[in-house]
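Written out below as structure tokens is the structure these notes cover.
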Amino acid sequence: MELFAVPDLPEIRSGDDLASLVADRVDLRAGDVVCVASTVVSKAEGRTVDLADVTAGERARSVAARLERITGEEKDPRFAQVVIEESSDLVMEAPFLLTETRFGHITVNAGIDRSNVPGADLLLLPADPTASAARLHEEWGVPAVVTDTCGRPFRHGQRGVAIGWAGMPASRDWRGETDRDGRELDVTVESVVDELAAAANLLSGEGDGGTPVVVVRGFEFGDHAGSDELFRSYEDDLVRQALQEWEFDG
Ligand code: GDP
Ligand code: MN
Ligand code: MN
């Protein structure tokens, strides 16, 4: 398996045909998986927001005031408003805003970015990254994975994860297969799209590299059952349920 970044992509603007910009620069072939940083998908989809256009409601003002009190840092209630609008649930309100996006992904501040966004204050995640991936997959004829760099519980540091995918299952379901001793695997569902996203993120970088699209060449899903379950629901998430009972008082 080999990974390379698509060279010479321009600054992406609203309305740009991202599929063609990539296809013009690389000959995609069977066995490729194309990983695309959500930043450029969002830019192409015009998902920018100027804070001057936002009016904070009551909830946003109280969330921001509490955060300001706890962190001692200035918090713009209009930013809280945008985060709330992008979220189906606020999983934690302090000491930072951990939210479930409308498409089921849990991340800080609904994944809204303030870096690599020229000409606007904020860049939202794509509204439906799997739908975005499906459009790219259709144009390219190979699987597409939309990625974002996210923090994680239990460990320091951020890494790339898949937030949308099309043309391949999210996971390899190893259950029912055997290890080298013939012992049957009964829990292993390997999140392949996250592993590809992490590898791609390693190459695309976080700063001014200008390499938001990475081709994974020669990946084989193999002869395994597939699963598209990636985001845990509330009912299925014991850690999140425990968090519901807990209130930050630091
Ligand atoms: P995120 O992980 O999806 O939030 O994206 P990042 O902001 O970390 O950017 C990932 C990579 O894409 C970095 O190498 C950036 O320099 C690059 N990048 C971001 N926006 C653009 C763009 O509009 N054009 C190009 N060519 N590169 C970009
Ligand atoms: Mn991001
Ligand atoms: Mn990133």
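Only heavy atoms go into these numbers, but all of them, side chains included; no hydrogens, no water, no symmetry mates. Nothing here was measured: the structure is a model prediction, and the numbers come from that model. First listed ligand is number 1; within each ligand, the first listed atom is number 1. We number each residue from 1, following the sequence as shown.
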Determine, stepwise, if the pair Asp32 / Val216 fulfils side chain to side chain contact (heavy atoms under 4.5 Å, CB included).
CA-CA 5 Å; Asp32 289 347; Val216 182; over 6 Å; no
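- Closest to the Mn ion (ligand 2) among the N, O or S atoms of Asp113 is OD2.
- For residue Thr39, no N/O/S atom approaches the Mn ion (ligand 3) to within less than 2.8 Å.
- Considering backbone and side-chain N/O atoms, Gly209 comes within less than 3.5 Å of an N/O atom of ligand 1.
- In this structure, Asp179 places its CG atom where more than 12 heavy-atom neighbours from other residues, nucleotides or ligands lie under 6.0 Å away.
- Nearest non-hydrogen protein atom to atom 25 (C) of ligand 1 is Pro10 O, 3.5 Å.
- A donor-acceptor contact closer than 3.5 angstrom links the side chains of Asp228 and Trp165.
- The protein atom (non-hydrogen) at minimum distance from atom 23 (O) of ligand 1 is Ile12 N, 2.8 Å.
- Atom CZ of Arg152 has more than 12 heavy atoms from other residues, nucleotides or ligands within 6.0 Å.
- Which parts of ligand 1 touch Asp113 is read off a 4.0 Å heavy-atom cut-off, strictly below it: atoms 4 (O).
- On a distance-only criterion, Asn201 and ligand 1 share no N/O pair closer than 3.5 Å.
- Summary of contacts: the protein heavy atom closest to atom 7 (O) of ligand 1 is Asn116 ND2, 3.0 Å.
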Using the rule given for side chain to side chain contact (heavy atoms under 4.5 Å, CB included), can you reason through Val145 versus Val34, listing the C-alpha separation, both sets of side-chain angles and the distance that settles it, and then say yes or no?
CA-CA 6 Å; Val145 177; Val34 185; over 6 Å; no
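- Gln158 and Thr149 share no side-chain donor-acceptor pair at under 3.5 Å.
- Contacts between Asp208 and ligand 1, counted as non-hydrogen atom pairs separated by less than 4.0 Å, involve the backbone only.
- Annotation for ligand 1: atoms under 4.0 Å from non-hydrogen atoms of Glu206 are 8 (O).
- If you look at Asp148 and ask which of its N, O or S atoms sits nearest the Mn ion (ligand 2), the answer is OD1.
- More than 12 heavy atoms of other shown residues, nucleotides or ligands fall within 6.0 angstrom of atom CG in Asp53.
- Residue-level check: among N/O/S atoms of Glu206, OE1 sits closest to the Mn ion (ligand 3).
- Those atoms of ligand 1 that come under 4.0 Å of a heavy atom in Gly207, given as number and element, are 13 (C), 15 (C), 16 (O).
- The shortest contact between atom 10 (C) of ligand 1 and any protein heavy atom is with Gly205 O, 3.5 Å.
- Side chains of Ser227 and Ser171: a donor-acceptor N/O pair is absent below 3.5 angstrom, by distance only.
- Gly160 does not count as a contact of ligand 1, since none of its heavy atoms falls under 4.0 Å from the ligand.
- Distance check, rounded to the nearest 0.5 Å: CZ of Arg47 to CD1 of Ile112 gives 8.5 Å.
- Here the protein heavy atom with the shortest distance to atom 12 (O) of ligand 1 is Pro212 CB, 3.3 Å.
- Atoms of ligand 1 lying under 4.0 Å from at least one heavy atom of Ser204, given by number and element, are 11 (C), 13 (C), 14 (O).
- For the residue pair His224 / Glu177, a side-chain donor-acceptor distance below 3.5 Å is found, with atom types taken as modelled.
- A donor-acceptor contact closer than 3.5 angstrom links the side chains of Asn201 and Glu206.
- Checking only distances, Ala37 never comes within under 3.5 Å of ligand 1, N or O to N or O.
- Within 6.0 Å of the CZ atom in Arg25, the count of heavy atoms belonging to other residues, nucleotides or ligands exceeds 12.
- Listed by number with element, the atoms of ligand 1 under 4.0 Å from a non-hydrogen atom of Thr149 are 2 (O).
- The aromatic rings of Phe103 and His105 sit parallel, their planes meeting at an angle under 30°, below the 60° perpendicular limit.
- Atoms of ligand 1 found under 4.0 Å from any heavy atom of Asp148, numbered from 1 in the order shown, are 1 (P), 2 (O), 3 (O), 4 (O).
- The single protein non-hydrogen atom nearest to atom 20 (N) of ligand 1 is Lys43 NZ, 2.9 Å, given as residue, atom name and distance.
- Ligand 1 places these atoms under 4.0 Å from at least one heavy atom of Val40: 20 (N), 21 (C), 22 (C), 23 (O).
- Here is the list of ligand 1 atoms found below 4.0 Å of a heavy atom in Leu9: 26 (N).
- Ligand 1 has a nitrogen or oxygen under 3.5 angstrom from a nitrogen or oxygen of Thr39.
- Residue Gln241 qualifies as enclosed at atom CD: its count of foreign heavy atoms under 6.0 Å is above 12.
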